[in-house]
Amino acid sequence: MSGREMQYIQEAFESNWIAPLGPNVDAFEQEFAAKVGATHALALSSGTAAIHLALIHLGVGPGDEVLVSTLTFAASANPVVYQGARPVFIDSERVSWNMDPDLLAEALARKARQGRLPKAVILVHLYGQTADIDRILAICNQYGVPLIEDAAEALGARYKGRSPGLFGKAGIFSFNGNKIITTSGGGMLVSDDAELIAHARKLATQARDPAPHYQHSEIGYNYRMSNVLAGIGRGQLQVLDERVQRKREIFETYRRTLGDLPGLDFMPEAPWGLHTRWLTVITIAPARFGATREDVRLALEKENIESRPVWKPMHLQPVYRGCEVVGGAVAEELFEKGLCLPSGTAMSEADQTRVVEVIRAQARVR
Ligand SMILES: *Cc1c(COP(=O)(O)O)cnc(C)c1O
């Protein structure tokens, strides 16, 4: 926490707005939209809820297909299944680790020939870095398929100078506890489309019709953000730039102190944008490094230091067994070799030195 959150929480208590609506929610939506450059923003209970509402608005339903990045957290794909639709997973490229535009083009061309285009594409911006959005958007536009940007991990990043989340039909962000800024739990849906946001806003409040009594013409959800948590979000938003700067410093320290080790590489920063380095992610080539990714992870764990393998691709998840995947080898390799290092902005220099020493001790050339 930055220390500025308490003032907004206090205001919520003093004005008795302890509800899933109120002045902090309105202000957080406005301040967030201004910060990222979005036209409209809707504060929700989670990023997952934001994806779900975007899919509902786009009419995704039983039997439909939605193309999704395979290298991601399950929350990117699960809302497709909530709607009774089927995800089709697309592999990563090596420049940004995000969706490969060539594979997307191949998949859409094939599906167009078969006369069954997907209802949407969910593009994930992984670990603080954007995908090659212009290329992906051009391909989606060619086939008239709407693009949803999952920018849950990429708040503060830049694509050609702009925030991710603003390019497609809708963008989503997350304020879960592990994200670059947090409300403990929460999300934001952004769009240029006022109708999309208005519909999502209605769906998120149990789809209540405008009538004095309780009347409902469609199935709704309880997805709004609490006015108390929105107060946390307002305080957090003010330190976003500092957080990005600190995350990038942490990355630079890892690069300076580990970059000489053979077989150890860092997630690349693509030429089109700014990587927030929400997490510093390395890959380990065992033959040259002298140990596997798992050796390194276990050595860290022995010192009570938590690190995590890169996301297990969706097409390898038991729950998504049998789903179609286009490519897959790049994501599989990144999962096998990739390790997310401790990257918290509260980490001290001494903490980071400990992490580095454990990793160096695993390398053949120390
Ligand atoms: C965290 C995350 C989400 C979901 O956000 P929640 O707010 O936790 O629901 C979606 N996609 C990705 C890639 C994420 O990392």
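Residue numbers count from 1 along this sequence. One-based numbering, in listed order, for ligands and for the atoms of each.
With no hydrogens or angles considered, no side-chain donor-acceptor pair links D91 and T70 at under 3.5 Å. Side-chain atoms of N98 and Y127 form no donor-acceptor pair, as typed in the model, at a separation below 3.5 Å. With 3.5 Å as the limit, one finds no donor-acceptor pair spanning the side chains of W272 and Q129.
Using a 4.0 Å cut-off between charged side-chain N and carboxylate O, E336 and K312 make no salt bridge. Here K337 pairs with E333 in a salt bridge; the nearest charged N to carboxylate O distance falls below 4.0 Å. Under the 4.0 Å criterion applied to side-chain N and carboxylate O atoms, K119 and E65 are not assigned as salt-bridge partners. Classification of E249 and R256 as a salt-bridged pair fails, no side-chain N sitting under 4.0 Å from a carboxylate O.
Ligand 1 has S76 within reach: a non-hydrogen atom of the residue lies less than 4.0 Å from it. Under a 4.0 angstrom heavy-atom cut-off, G185 registers as lying outside contact with ligand 1. Not a single heavy atom of H125 lies less than 4.0 angstrom from ligand 1.
Within ligand 1, the atoms closer than 4.0 Å to a non-hydrogen atom of A152 are 2 (C), 3 (C), 10 (C), 11 (N), 12 (C), 14 (C), numbered from 1 in the order shown. Here is the list of ligand 1 atoms found below 4.0 Å of a heavy atom in S46: 7 (O), 9 (O). Near A75, meaning under 4.0 Å from any of its heavy atoms, are these atoms of ligand 1: 3 (C), 4 (C), 10 (C). Less than 4.0 angstrom separates some heavy atom of G186 from each of these atoms of ligand 1: 7 (O). Ligand 1 places these atoms under 4.0 Å from at least one heavy atom of T72: 13 (C).
Looking at ligand 1, you won't find any N or O of N178 less than 3.5 Å from one of its N or O atoms. Close N/O approach between G47 and ligand 1 is found [any backbone or side-chain N/O within under 3.5 Å].
Here the protein heavy atom with the shortest distance to atom 8 (O) of ligand 1 is N176 ND2, 3.1 Å. Shortest contact from atom 9 (O) of ligand 1 to any protein heavy atom: T48 OG1, 2.5 Å. Given atom 15 (O) of ligand 1, the protein heavy atom at minimum distance is E153 OE2, 2.6 Å. Shortest contact from atom 11 (N) of ligand 1 to any protein heavy atom: D150 OD2, 2.7 Å. The protein heavy-atom contact nearest to atom 1 (C) of ligand 1 is K179 NZ, 1.7 Å.
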Exercise. Given the rule in the side-chain hydrogen bond (donor to acceptor under 3.5 Å, both in side chains) test, do D100 and S92 qualify, once you have shown the distances and angles that lead to the verdict?
Worked result: CA-CA 5 Å; D100 185 333; S92 298; over 6 Å; no
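Between F28 and F32, the ring planes are perpendicular. Angles over 60° get that label, and only those under 30° would be called parallel.
Between P309 and R293, the shortest heavy-atom contact is CB-NH1, 3.1 Å.
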